[in-house]
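Here is the structure we will look at.
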Amino acid sequence: MKNQEIATMLREIADFLEIQEAEYKPRAYRTAARNIESLSEDIEDIHARGELEEIEGVGESIGEKIAEYLETGELEYYEGLKADLPVDIETITSVEGVGPKTAKKLYLEVGIKTLDDLESAAEKGEIADLEGFGEKSQQNILDHIERAKESQERMLLGRAFPIAQDIETRLHDDDAFDQVDIVGSFRRRRPTVGDIDILATASVPETAMERFCTHDDVKEVLSRGETKSSVVVSGDLQMDLRIVDGTEYGSALVYFTGSKDHNITLRNWAIDRDWKLNEYGLFDVSGVDTEEDSQRAGERLASETEADVYDTLDLAWIPPEIREDTGEIDAAAAGELPDLVEIDDVRGDLQLHTDYSDGSHSVREMAEAAAERELEYVLVTDHGPHAPIPSTLDEETFEEQVADVEAANEDLNITVLQGIEAEITEDGLELPESWYDHCDLIVAGMHSTPSDPTERIVDALVESPIDIFAHPSNRLINEREPLDLDTETVMETAAEENVAIEINAQPQRLDLDWASVKEYRNTVSYVVSTDAHTTGELDFMHLGVAQARRGWCEASNVLNTHSLDDLLSFFE
DNA sequence: GCCGTTTTCGGCCCGACTGTTTTCAGTCG
């Protein structure tokens, strides 16, 4: 799958073009890059069908370039740009405050090509002497170069969650603040976040800003203004605070929740109606002279609440998780937004581990913890033979677990189902025959990386009595690439074989990924499972539900929102 | 370079902050 590779190349081309002061080309290349990145299909398959230009943002010119790259492994145009400016542009511009223009100047005047060049030039004081630069610019580069080296990775949503909740609570409790919301990609529940964006109102903004920037947790203040400040807190997470007027809170929420593409489409939607949408409100600018243009020019139509803004635009309110410009605005206009699944719809958890394999707690402890979370049923799924972990179930321990499960069902206020997480091997599931009789449901997953994963998975789905296919791509975000799968074939096979597809809620998995969830939501049925290995991890459920929401799932798309009887009858 | 329910040509989102600039370019989100 070369989607990411091509997206990165297009983005670099955009940087080079920006250096050449090309006006609109960089934007075109970046749009194409973003759209290719979010494709769930392999771009090589799209090329094979001759449909590159069907991709949003890809026209004749970019389409030909992608084709050339796929066919020859090289793109002459790109090589030419690199030859003209032989700079590791992607890495250098990842330093906060250094963009394409700065990178060019640094190359032409100091000969900087790499991050190491940049660091040594800054240390020698060569940058402060340049025209347009000074001591502060040089120090900024030195301050941020370490972060650029280390944090090429975005933080997992699950890891950012407690940090974000902590600050939200703290600001709520602070009398300098009035309204407080976490916005940005966090509010959209993207699997990873680059920073935490906070929106707030305050009667005395200066006081609020002061409290935010001087808190004990703050390691560094990146910028500080009257309405906007950025800080780095412990854990190396950047936090941006924006303070706005209460009467403009709704339009600010819309603006800062994004995504960028959603905002652009929404603004264009406003422009089509002779209106202007920005963070200060929705304005009728039909009679306004463009010269006297200001942020609040024209007649204010809406701004106080998000619902006001969308409503005035003749759109239904759009849940943050689907503000990704993947058709939600048209759906909102047509009154066809999905009624998204909610955490309270979830009635059971269909993958969890106990101390019979690699979990930390007993069957009873896990079941009790699930009951405390008001779940009606859980499926115990310890690893079976051939899983690449030290401790797996064998015939003896499996019998013991069956007894434990029966005992738990006798006196706990929750139904404990016997299951297993079987390993998909070269020869199928390879489980002892008698286990099938004891298991209410069979979960199967692949934890290896064979050269032919699609074939193996399809064979297993067809030939073995699998009920749920777990974490389909086996990706670990920031750590392990997803399997090179023909997802469409796997999904179609699962549908034919009546196998549900898992949306795994572990923070580093969130697998099936949300874009594929959306694509195949009318093909297969999903379950959202925590794959908990401790009682505390049962709380990951909301992360999985958020991904289902990002994939436009309604409760009816998610089997574990059903009663136990309905759930089991699906698999019969 | 892409795109179109006014368009195959003429548009293309918008504002805050920084540093160094005496009026603004570059960067970021």
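Letters A, B, ... mirror the listed sequences (proteins, then strands); counts begin at 1. What you see below is based on every heavy atom in this structure, not just the backbone, and it leaves out hydrogens, waters and symmetry mates.
Residue Asp261(A) contributes atom CG, which lies 15 Å from atom P of dC14(B) at whole-angstrom precision. If you take CD1 of Ile271(A) and C1' of dC12(B), they are 9 Å apart, rounded to a whole angstrom. If you take CD1 of Ile329(A) and C1' of dC13(B), they are 13 Å apart, rounded to a whole angstrom.
A distance-only check finds a donor-acceptor pair linking the side chain of Glu68(A) to the backbone of Glu76(A) [under 3.5 Å].
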Checklist line | Stepwise ring-ring contact (aromatic ring centres under 6.0 Å, His included) check, Phe161(A) with Phe186(A) | finding: CA-CA 8 Å; Phe161(A) 225 96; Phe186(A) 182 88; 4.9 Å; yes
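A residue-by-residue look at Arg267(A) and Ser223(A) shows that Arg267(A) has its nearest nucleotide of DNA chain B further toward the 5' end.
Contact annotation: Thr31(A) does not reach the phosphate of dG1(B) (side-chain N/O to OP1 or OP2, under 4.0 Å). Residue Asn263(A) places no side-chain N or O under 4.0 Å from the OP1 or OP2 atom of dC14(B). Side-chain N/O atoms of Tyr29(A) include one lying less than 4.0 angstrom from OP1 or OP2 on dG1(B). The phosphate of dC13(B) (OP1 or OP2) has a side-chain N or O of Arg27(A) nearer than 4.0 angstrom. For dG15(B), the OP1/OP2 oxygens have a side-chain nitrogen or oxygen of Asn278(A) closer than 4.0 Å.
Using a 4.0 Å heavy-atom criterion, one finds that Glu23(A) contacts no nucleic acid atom at all. Residue contacts for Glu135(A): at a heavy-atom cut-off of 4.0 Å it reaches the sugar-phosphate backbone alone, with no base atom in range.
A donor-acceptor contact closer than 3.5 angstrom is absent between the side chains of Tyr29(A) and Asp15(A). In summary, the side chains of Gln506(A) and His471(A) do not present any donor paired with an acceptor at a separation below 3.5 Å, with no hydrogens or angles considered.
dT8(B) is unpaired under the criterion used here, namely a Watson-Crick or G-U wobble arrangement in which both key atom distances are under 3.5 Å.
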Note to self: Please encode protein proximity along nucleotides 22-29 of chain B as a string of B, S and -, counting only heavy-atom distances under 4.0 Å.
What the structure shows: ----SSSB
Note to self: At under 4.0 Å between heavy atoms, how does the protein contact nucleotides 2-10 of chain B? Give one character per nucleotide, 5' to 3', with B, S or -.
What the structure shows: SS-------
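With respect to the salt-bridge test (charged N to carboxylate O, under 4.0 angstrom), the residues Arg30(A) and Glu18(A) qualify.
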